[in-house]
Amino acid sequence: MAYATGAVLIAALAAGCTGNSGTSDSVPDGKPGTLTASAAPPGKYRTLPDACRAIPLATLKDLLPGTADMPEAQQDKVLEGAATVTYDTDRRIGCRWKSDAPEGTRSIHLDFERVVSYDTSVSDDDRAREVYAKKETAADLPDSGLPPEESPDASPSGSGHADSGTDGKTGDGGTEDKSDKKGSAKDGAKDDGSTESSDGAEAADGASAGSSDDPASGSLAGTLQPRLLDKLGDSAFLDDSLVPAGSTARHRTVSVVFRTSNVIVTVEYTAQPALTTEVPDSKELQEKAQALAGQLVDSFND
């Protein structure tokens with residue numbers, strides 16, 4: 001009997017230990033870092049539209065003067081556009097159009113880039129902000145755009161647009177004194193009449209030359225400088241580049257770059273007059289390029 005009683009006690013103790021062990025397993029250990037962080041959200045856009053079909057025919061005819069007078073077969077070929085070569089059309093796609101008329105040549109280049117982050121802790125949108133900021137910094141805009149607090153989608157990483165209230169950081173963390181660079185470029189233009197195609201100052205000079213008969217040409221040139229654009233996508237800027245005087249192929253290219261979520265769109269509109277002494281109209285090109293960019297923003301939002 002004593003042996004049986006002892007065996008019962010041992011069995012009861014074993015059962016109690018098993019029950020306690022199960023209870024302790026269900027309680028989390030509370031150690032920091034044991035919870036798995038959720039991945040950053042994907043971007044809004046998973047695909048890209050056909051760039052060669054992104055611009056309505058009526059808009060193309062307006063941007064490419066002379067197409068209405070072309071034979072039907074030639075007109076169809078011009079309006080069809082030519083797709084740019086890319087290695088992954090799901091990530092990047094573009095198209096080019098060009099028309100030749102007695103007055104000169106007009107061309108359009110459209111580029112769509114869908115940004116994808118391969119870092120699970122960085123969202124596609126945040127990565128797109130970084131890519132856009134580098135493009136804006138590379139444009140080297142003068143200090144005449146929107147102040148940082150008014151610019152759309154201003155981010156701590158900076159966009160390369162220096163202002164008296166910012167530290168002038170570029171997109172890759174460096175610093176740059178844009179005011180000195182732009183000031184020296186403009187001074188050089190005044191001294192010898194030459195400009196560089198990448199500087200915003202040349203756009204202002206070209207605009208003044210194109211509007212020399214306008215009493216307010218100086219004021220007009222200021223409003224046509226390369227600048228940040230408000231109310232166009234999440235972030236946007238405009239660049240205006242004029243080939244220096246003396247070139248045998250003098251032309252002006254207006255570029256509008258904007259970001260909408262994880263897609264970056266670049267519109268380049270170029271005019272080359274038949275006469276090398278003629279300066280392309282900056283105001284007309286900028287208005288048409290901005291109008292086209294506005295149509296594209298709306299198409300992405302549909």
Side-chain angles (χ1 to χ4, degrees), residues 55 57-82 84 95-111 139-140 142 182 185-227 238-257 266-293:
I55 304 178
L57 288 178
T59 303
L60 281 174
K61 291 179 180 179
D62 178 60
L63 294 171
L64 303 172
T67 53
D69 300 327
M70 295 178 180
E72 184 176 354
Q74 183 182 359
Q75 182 181 131
D76 291 343
K77 184 176 181 180
V78 170
L79 297 179
E80 182 180 3
T84 54
C95 194
R96 295 180 184 274
W97 296 264
K98 182 180 180 181
S99 69
D100 295 309
E103 298 79 14
T105 301
R106 294 287 178 102
S107 62
I108 308 166
H109 177 215
L110 184 60
D111 180 82
D140 196 20
K182 286 297 176 182
K186 291 178 180 178
D187 293 341
K190 291 178 181 178
D191 291 339
D192 57 15
S194 63
T195 58
E196 296 183 6
S197 59
S198 61
D199 283 341
E202 71 169 320
D205 294 340
S208 299
S211 308
S212 58
D213 56 344
D214 184 351
S217 59
S219 175
L220 177 63
T223 64
L224 295 178
Q225 281 194 339
R227 60 195 180 277
L238 180 148
D239 199 5
D240 191 323
S241 175
L242 177 67
V243 171
S247 171
T248 57
R250 194 174 194 184
H251 63 271
R252 182 187 295 278
T253 297
V254 171
S255 303
V256 176
V257 181
T266 301
V267 176
E268 293 180 348
Y269 188 34
T270 302
Q272 180 179 324
L275 299 176
T276 57
T277 56
E278 184 179 349
V279 179
D281 186 356
S282 182
K283 184 174 184 294
E284 177 204 358
L285 296 180
Q286 290 193 20
E287 287 178 349
K288 290 187 174 183
Q290 290 185 76
L292 174 56

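For the atom pair CG of Asp240 and NZ of Lys283, the computed distance is 13.0 Å after rounding to the nearest 0.5 Å. Residue Lys61 holds its NZ atom at 14.0 Å from CD1 of Ile55, rounded to the nearest 0.5 Å. Atom CZ of Arg106 is separated from atom CG of Asp100 by 12.0 Å, given to the nearest 0.5 angstrom. In this structure, NE2 on His251 lies 11.0 Å from CG on Leu285, to the nearest 0.5 angstrom. To the nearest 0.5 Å, atoms CG (Asp111) and OG1 (Thr84) are separated by 6.5 Å.
Side chains of Arg252 and Tyr269: a donor-acceptor N/O pair is absent below 3.5 angstrom, by distance only. Donor-acceptor pairing under 3.5 Å is recorded for the side chains of Gln286 and Arg227.
Residues Trp97 and Val78 approach most closely at CD1-O, 3.2 Å, considering heavy atoms. Considering all non-hydrogen atoms of both residues, Thr253 and Glu268 come closest at CG2-CB, 4.3 Å. Here the closest heavy-atom approach between residue Ala271 and residue Pro280 is recorded as O-CG, 3.6 Å.
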**OP:** Go through the steps to decide whether Thr266 and Leu110 satisfy the test side chain to side chain contact (heavy atoms under 4.5 Å, CB included), and finish with yes or no.
**Re:** CA-CA 6 Å; Thr266 301; Leu110 184 60; over 6 Å; no

Original post:
For Arg250 and Val279, what are the C-alpha separation, side-chain angles and deciding distance, and is it a side chain to side chain contact (heavy atoms under 4.5 Å, CB included)?
Top reply: CA-CA 8 Å; Arg250 194 174 194 184; Val279 179; 3.7 Å; yes

**OP:** Evaluate the criterion side chain to side chain contact (heavy atoms under 4.5 Å, CB included) for residue pair Leu292 and Val256; output intermediate values, then yes/no.
**Re:** CA-CA 9 Å; Leu292 174 56; Val256 176; over 6 Å; no

Pairs under 3.5 angstrom only: tabulate donor-acceptor contacts from the side chains of residues 63-75 to other protein residues two or more places apart or in another chain.
unit_1, atom_1, unit_2, atom_2, d
Thr67, OG1, Leu64, O, 3.0
Gln75, NE2, Thr67, O, 2.8

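You'll find the side chain of Val254 stays beyond 4.5 Å of the side chain of Asp239, heavy atoms only. In this structure the side chain of Lys98 never reaches within 4.5 angstrom of the side chain of Thr270, judged on heavy atoms.
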